[in-house]
4 protein chains.
Amino acid sequence: MESKRKLTKATFDNLPDEKKLLILKTATNEFAIHGFDHANINTIAEKAGISIGSLYKYFGSKQDLFLMTIHQGTEVLMHTLQAIVPSAKSFEDKCRDLIKAIQTTSREQQQLIRLYSELTGVGNSELVQQLSYEIEAISASMYTALIKNGQDTGEIRLDIEPAMAAFLLDNLFISLQFSYASEYYQQRFKIFLGSDIEKKDSFVCEQMVRFLSSALKP
Amino acid sequence: MESKRKLTKATFDNLPDEKKLLILKTATNEFAIHGFDHANINTIAEKAGISIGSLYKYFGSKQDLFLMTIHQGTEVLMHTLQAIVPSAKSFEDKCRDLIKAIQTTSREQQQLIRLYSELTGVGNSELVQQLSYEIEAISASMYTALIKNGQDTGEIRLDIEPAMAAFLLDNLFISLQFSYASEYYQQRFKIFLGSDIEKKDSFVCEQMVRFLSSALKP
Amino acid sequence: MESKRKLTKATFDNLPDEKKLLILKTATNEFAIHGFDHANINTIAEKAGISIGSLYKYFGSKQDLFLMTIHQGTEVLMHTLQAIVPSAKSFEDKCRDLIKAIQTTSREQQQLIRLYSELTGVGNSELVQQLSYEIEAISASMYTALIKNGQDTGEIRLDIEPAMAAFLLDNLFISLQFSYASEYYQQRFKIFLGSDIEKKDSFVCEQMVRFLSSALKP
Amino acid sequence: MESKRKLTKATFDNLPDEKKLLILKTATNEFAIHGFDHANINTIAEKAGISIGSLYKYFGSKQDLFLMTIHQGTEVLMHTLQAIVPSAKSFEDKCRDLIKAIQTTSREQQQLIRLYSELTGVGNSELVQQLSYEIEAISASMYTALIKNGQDTGEIRLDIEPAMAAFLLDNLFISLQFSYASEYYQQRFKIFLGSDIEKKDSFVCEQMVRFLSSALKP
DNA sequence: CATGAATGAGCTTTCATTCAT
DNA sequence: TATGAATGAAAGCTCATTCAT
């Protein structure tokens, strides 16, 4: 809908992949550790082994760099989704796969998910709008399709609106994601379920699957 | 369990209630609008009609003031919970009441909920730990009790762990809360359900009730 | 006409006169030597013996400080004008007094006049507009009155518009001012009149008086 | 007298005229709009369709490029002067022609005149000295000759030094030029003469001619 | 107790110039 | 000759906190 403004300048795209990845990884690290406001652009440049001037040749601003790290990160996450949702498995099995994927990636990509939760606080420039739209619209359409498909195959009740079911599903998945990645939500997770959540992956998964399939079965 | 360090100094407690409320209200406003980092302590003092010196006599630091605003705010929210959860109604009716309460208070107390979502980013001092424990522990125990009670009355299935069910319930409620209060989650809400979410309160409520009661009924 | 926005904050006004003058003098120096763009706020603070924080408590921005130095400086110049123009002397004698005053003050207040010529380049914020209006409006009205008065006394021809005569008069005076104060205009002055202009004050004065009185006599 | 250091390197002179003009025109634009300090060399190169590397092959520095734009611009202005001053007309008519020329060119070559007023602030390298000498020496000698010639023909009084009269004449002309071209002086112009100065060209011209011829006639 | 002036470290961003290709 | 990516010093401004009055 909007004329997609690019987050990077051409100079960045022309960089060798190795260098591009190094820069983005360094930035992801800094932003995840210190948050957007407290992350230091000069430090990022230094740690990535480039000059500040170059950093600003590649990205127009601190915010652009931040958004780019998220953009690149979410692409990875979206691939995971796309590998699971359109498969031929049953709805219940897909849920199980999704939850397991969340449990794995939330730990592997902890920093990325922390970044995502920073997105809320960066103010609401056009770019933030655009990026968040990109991210959420994909999940929304994929989950809605997932539900509709389940309704077609008779696995999912018809008296619930697909968009609404998708919304609730995504809410549960996002919450779970944060519960594994963010320090704050991790603590809350433990308050509910005890300090040994690390060992309870399959328990959490099975209980959620049970919860979800009952909630949506006809 | 924890050595409760106080957020306020005695000097604040001795203030007339009116003044105390004015200060906290002003702070809530500033923090909700600008976020923790960009809120300006000097501005808060000015708007509350007191000197910065006094503010520092009342609260030890910016963080302490912030945590106090949350502490005071959540008390209000907890009262709502306590009015609904222990009532004599059916589980389904309690869910309905809770969702309606969320829809109402999220709009009325928008700023408060925005504050809460800032909590994640404030770092993890002892005080943050303490406060978050206070908040989450109450919800956790209340929802867990709610589920157990439902299991006792035969309204809720027995093959789901009460703590786990409570966790999922709270996840859905918190997500809904943010969806009404935070700008970012509001946009996401609309991506899923269309731009007229303001008019769909009862639809959202009924669908969620249906989802929840199916998920948990025996 | 415009709601006069103040250049200083109250905190500056409350300072002891000695300190106020030291700050303005230091700033005048820096701005005169380096020009607006190259003047260094941190250096000004340091040389004035105050912290940068304080400087920004006193003045909202670099530009505000700059404009304040001009404002204060022109006040001095305006006093000189007001001492000469409304006197009981003949028009010719007043011109002579004005030119002599320019020759003296341009040397004494060299830096101030250099500041003034920087004014053009500072961009056109509301404040610049306001300040320049203040300065020019006073000269305009005083010189116009001077001409009208001369027409009333029969010293000045009637077939020239007072405002136009005042404009030309001011043009000559300002040019002369720059010719003594600005390095560039000084060089130009010498190209026209030879390198010994320093010793030619009375010659320059008499020739100008002769030029002016002929130009305007009936 | 002075060892004329060149502003351009040979590489520039060898360029096709079209390209040379494009570069200078682009530079004039940028310098006129943003002033010397805020003009961006990289932007100029980009807009002129050449590389920064090339620009630095053509001109030694930002300052050199700036001075070159002025040098080239003043040549145009000087041609105007040379077309009027040595003509066979009366002194009064020449004045009239000069003023009219100023009114026209100040509007057409607005940017050029704005550049000229930037010259003061560029510091005082050898090159600035050289350039300003070039410019001012020509006006000085032409106006002085104009006056002397008037004295010879009996149009101009003998009791005024030609150089001095030339100086005053040039002061008035330069002031007028700025009054049409610079934003700041334009505002001042209006303060003296009202906001409709655009429509008053012939009035301004006639009043100035009257002023000048009276000032200098025997 | 109350005040509020003073502090100063710290951070984003710009841009003239260089030099390897 | 031409290119344009890389450089990095430098500067305006903010704001939590202190402490003398």
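Here is how names work: the chains are called A, B, and so on, in the same order as the sequence lines, proteins then strands, and each is numbered from 1.
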S.K.: Output the rounded distance in Å from CG (A/L55) to C1' (F/dA5).
M.R.: 14 Å
S.K.: Can you confirm whether D/Q130 sits close enough to D/E134 that some side-chain heavy atom of one is under 4.5 Å from a side-chain heavy atom of the other?
M.R.: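 Yes, their side chains come closer than 4.5 Å.
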S.K.: Any stems for DNA chain F, made of 3 or more Watson-Crick or G-U pairs in a row, each with both distances under 3.5 Å?
M.R.: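 Listed by first number, the stems are E:2-21 with F:2-21.
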S.K.: Quick check: on DNA chain F, is the nucleotide nearest A/N42 upstream (toward 5') of the one nearest A/T11, or the reverse? Name the residue that is more 5'.
M.R.: A/T11
S.K.: Between A/L115 and A/F66, is any pair of side-chain heavy atoms under 4.5 Å apart?
M.R.: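 Answer yes - side chains close enough.
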S.K.: Under a 4.5 Å cut-off applied to non-hydrogen side-chain atoms, are A/F31 and A/L65 in contact?
M.R.: yes
S.K.: OP1 or OP2 of F/dA10 sitting under 4.0 Å from any side-chain N/O of C/N40?
M.R.: no
S.K.: Protein-nucleotides 18-21 of chain E N/O pairs closer than 3.5 Å?
M.R.:
none

S.K.: Take A/L15 and D/N14, find for each the nucleotide of DNA chain F with the closest heavy atom, and name the residue whose nucleotide sits nearer the 5' end.
M.R.: D/N14
S.K.: Distance check needed: E/dT14 C1' versus D/H34 NE2, whole Å only.
M.R.: 13 Å
S.K.: Is any side-chain heavy atom of C/I23 less than 4.5 Å from a side-chain heavy atom of C/F12?
M.R.: yes
S.K.: Can you tell me the distance, in whole Å, between the NE2 atom of A/H38 and the P atom of F/dC15?
M.R.: 12 Å
S.K.: Looking for any heavy atom pair under 4.0 Å, which part of the strands does A/A39 touch: base, sugar-phosphate only, or nothing?
M.R.: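 Result for A/A39 = sugar-phosphate.
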S.K.: What's the closest nucleotide to the side chain of A/S51 if the choices are E/dT13, F/dG12, F/dT7?
M.R.: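 Per side-chain heavy atoms of A/S51, the pick is F/dT7.
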S.K.: B/F66 has an atom CZ; how far is it from atom P of F/dT17, in whole Å?
M.R.: 14 Å
S.K.: Counting only pairs under 3.5 Å, give me each side-chain donor-acceptor contact of residues 41-52 of chain A, with atom names and distances, residues two or more places apart or in other chains.
M.R.:
{"residue": "A/K47", "atom": "NZ", "partner": "A/E30", "partner atom": "OE2", "Å": "2.8"}
{"residue": "A/S51", "atom": "OG", "partner": "A/S54", "partner atom": "N", "Å": "3.1"}
{"residue": "A/S51", "atom": "OG", "partner": "A/S54", "partner atom": "OG", "Å": "3.0"}

S.K.: Compare all side-chain heavy atoms of B/T74 with those of B/L112 and state whether any distance is below 4.5 angstrom.
M.R.: no
S.K.: What integer distance in Å separates A/F59:CZ from F/dA6:P?
M.R.: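 Rounded to the whole Å, the gap is 12 Å.
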S.K.: Tell me if the NZ atom of C/K20 is crowded by more than 12 foreign heavy atoms within 6.0 Å.
M.R.: yes
S.K.: Could you go through the side-chain contact (heavy atoms from CB on, under 4.5 Å) check for B/I135 and B/I70 one step at a time?
M.R.: CA-CA 9 Å; B/I135 298 172; B/I70 294 204; 3.9 Å; yes
S.K.: Could you tell me whether the phosphate oxygens of F/dT3, OP1 or OP2, come under 4.0 Å of any side-chain nitrogen or oxygen in D/S54?
M.R.: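 Yes, such a contact exists.
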S.K.: Can you find a side chain N or O atom of C/K19 that sits less than 4.0 Å from OP1 or OP2 on E/dA6?
M.R.: yes
S.K.: Specify the closest pair of heavy atoms between A/F59 and A/M68, including all atoms of both residues, with the distance to one decimal.
M.R.: CE2-CG, 3.7 Å
S.K.: Are the side chains of D/H71 and D/L131 in contact, using a 4.5 Å heavy-atom criterion?
M.R.: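 Yes; the side chains approach each other to less than 4.5 Å.
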S.K.: Just how far, in rounded Å, is C1' of F/dG12 from CD of C/E30?
M.R.: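 Value for this atom pair: 15 Å.
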S.K.: What is the distance, rounded to the nearest whole Å, between atom CD1 of D/I23 and atom C1' of F/dA2?
M.R.: 12 Å
S.K.: What integer distance in Å separates C/Y58:OH from F/dC13:C1'?
M.R.: 16 Å
